[in-house]
Q: 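Before anything else, here's the structure in question.
Computed from a predicted model, the values in this text were never measured in an experiment. Order of the sequence lines fixes the chain letters, A, B, ..., with proteins taken first and strands second; residue numbering starts at 1 for each chain.
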Amino acid sequence: MQKKLWMVVALLLVMPGLLFMVSCQKKVAAQAQPAPAPVAAKPAPAPAPAPAPAVMAAPAFMTERIFFDFDKSALKMESQALLKKKGEWLKATANAKLTIEGNTDERGTAEYNMALGERRAQAAKKFLVDLGIDAKRISTISFGKERPIDPAHNEAAWAKNRNDGFVVSF
Amino acid sequence: MRLRKLLCGVSALVCVVCMPISSTAQDTTQYIDIRNPFLRKIPLAIPMFKNVNSGAGEAEYSRKAVELMSGSLDFTGYFKILDRSAFLFDPQKGGVSATDINFQNWTVVGAELLITGLFEQSGDTIQMELRLFDTFKSRQVLGKRYAGSVSELRKMVLRFCAEVIYYLTGNKGIFNSRIAFVSTGSGKKEIYTCDFDGANPTRLTYNESISLFPAWADDGQYVAYTSYKAGKPDIFIRNLNTKQETTIAQTGINITPAWVPGKFEMAATLSFSGNQEIYLLTGAGKVIKKLTSNRGSNVSPSWSPDGSKLAFVSDRSGSPQIYILDVATGNESRLTFEGKYNTQPSWSPRGDKIAYTSQVNGFQQIFVIDAGGQSPMQLTRETGGSESASWSPDGSLIVFSTNREGPYRLYVMTAFGTDQRRLLLLNGEQTNPKWSQGVFN
């Protein structure tokens, strides 16, 4: 993941013009995909403009999680609104790919939670595919109850841990 | 094939020689009916063994053997091991065979069964004569002689324990069995194994990832499990001898493997079709056929001992419940109706009961239910959770994971929920125990 980010950063350094051509970004980025490896491999000491392109690559709402009720994989209204926003961006950023990570809280048992986590990830994927995003651009993975974002054992933590996480790659 | 492997395993132990001592009229009285929930523990006396050479080293091995025997027989839950300090017996002076024993000395301290031992160690060799007596009938019911190296002491003692249990219950017991489990001792969830009594814990995987849901093949030569070591949940089938692994890495989840009793095949949940269905697979991971057809989750298969039926978890009713699939007819019927969250079925090797986990007041608790669906009975009630029940190969004990002490630890109880005790103490947390079913070494 980090490597890919560096690749993007390196590419942007090679083509600073890109910074001012947001509307063309996807095209240029798509063409630039087979970048010569040596360039990417150089761990360039990140100069000042580095944070800016990273933000451009994936806006904050793209990695914002959606949350679920206990033992449910149905998408809530606010989750659907957020997924629509993510869908628009994916439409406008054709070279971006999305991994959806399904998670559950610690209650319940590991086996069933792994299945539940996958259904949560699949629910978000189906919603995006129904919006017209190519299914091939979206992959899902379930972590079940294995990767809580809040390790506490209370309702507040459980509510946070019942989620889909989103990872954008190019 | 399988049998041959088993025989090979046995013949590898030729150095442990075991022969019956004096012919004993084997009567067929069954002392212990392990299906009886109100089983009375039989008072058993195991005095210190009589040492032949009475050297300090010999005395130490002899003491170890007595303690291992007492602990192992106590572990089964069938006996009340009597306090040795109450015995009117000097093992060095008293005899070890029926003609030399004053049985009244034993009935008066309450012993109904007595085990004596004659113990000899010279150099690396240990020889033992072990005898089981019925004190009220004043006669020997079992006698065995063992010889082996010092490192085989545990094996020899456990063999005799197995003979005792076989004589008293009519089944082979648990002393050859092992338990696979997940431990976080290294910082990551890895698969471990230990002996039936928690001895010899051994780390099996070094995946540096999340590894879960171990399952023993019947011959004890393979363990299948789920791991994220390739980035997503795949099933790995590990040959314990060669350490080679085959992989089931279809798109989606590949979880909860369960070996078919007596076969090199397994059931597991795969979601490559888009639905989470249970498939029958070869031991090499090839799909033979799809067993379930239902939208939603179908996970956690557990085979009936004859391999004709499969208990599993499905959320088709809106909440996770346990269902039974008749493999030949394809009929599926719901088993559990009480409780809103019933998972982790484990079919007893005797076939009559299914253990499972049910959420009660926010905590997971272990229940058993008749395989026909009658009389669900709660076995654990402690605050904190108890889950992942797995039966001993004789159906007499259940190993499970509980956080009643804080961190998750492995515990053992009888099939009726009595004698709940910790199995072993390791760093980290221990979950997902799975008891091997076949008899192997």
Q: Using a strict 4.0 Å threshold on nitrogen-to-oxygen distance, state whether D71(A) and K340(B) make a salt bridge.
A: no

Q: Identify the heavy atoms of A115(A) and I253(B) that sit nearest to each other, and give their distance.
A: CA-CD1, 4.0 Å

Q: Looking only at heavy atoms and a cut-off of under 4.5 Å, which of E111(A), R107(A), H153(A), R147(A) has the most pairs with chain B?
A: E111(A)

Q: If we count only N and O atoms by modelled type, under 3.5 Å, do the side chains of T357(B) and T109(A) hold a donor and an acceptor together?
A: no

Q: For the atom pair CZ (R119(A)) and OG (S271(B)), what is the distance rounded to the nearest 0.5 Å?
A: 11.5 Å

Q: With a 6.0 Å cut-off (strictly less than), is the heavy-atom count around CZ of R295(B), excluding the residue itself, greater than 12?
A: no

Q: Compare every heavy atom of E118(A) with every heavy atom of G252(B), then report the nearest pair and how far apart it is.
A: CA-OE2, 3.4 Å

Q: Need one label for I210(B): side chain, backbone, both or neither, based on atoms under 4.5 Å from any heavy atom in chain A.
A: side chain

Q: Working to the nearest 0.5 angstrom, can you tell me the gap between Q359(B) CD and F70(A) CZ?
A: 4.5 Å

Q: Quick check on S297(B) against chain A: is it the side chain, the backbone, both or neither that has a heavy atom closer than 4.5 Å?
A: both

Q: Test side chain to side chain contact (heavy atoms under 4.5 Å, CB included) on M114(A) and F213(B) and set out the steps.
A: CA-CA 11 Å; M114(A) 202 156 283; F213(B) 316 142; 3.9 Å; yes

Q: I need the minimum non-hydrogen distance between I141(A) and G231(B), along with the two atoms involved.
A: CD1-O, 2.8 Å

Q: Would you say L212(B) and E146(A) make side-chain contact, with heavy atoms under 4.5 Å?
A: yes

Q: What heavy-atom pair brings Y228(B) and G144(A) nearest, and what distance separates the two atoms?
A: OH-N, 4.4 Å

Q: For chain A, which candidate among Q364(B), K232(B), K189(B), E387(B) shows the most heavy-atom pairs at distances under 4.5 Å?
A: Q364(B)

Q: More than 12 heavy atoms of other residues, nucleotides or ligands under 6.0 Å from CG of D150(A): is that the case?
A: yes

Q: For residues 121-140 of chain A, give me every residue with a non-hydrogen atom less than 4.5 Å from any non-hydrogen atom of chain B.
A: Q122(A)

Q: Are Y112(A) and Q344(B) packed together at the side-chain level, in the sense that at least one heavy-atom pair is separated by less than 4.5 angstrom?
A: no

Q: How many angstroms lie between atom CG of N113(A) and atom CD1 of I255(B), to the nearest 0.5 angstrom?
A: 10.0 Å

Q: Got a sec: does the CD of Q80(A) have more than 12 other heavy atoms crowding it under 6.0 Å?
A: yes

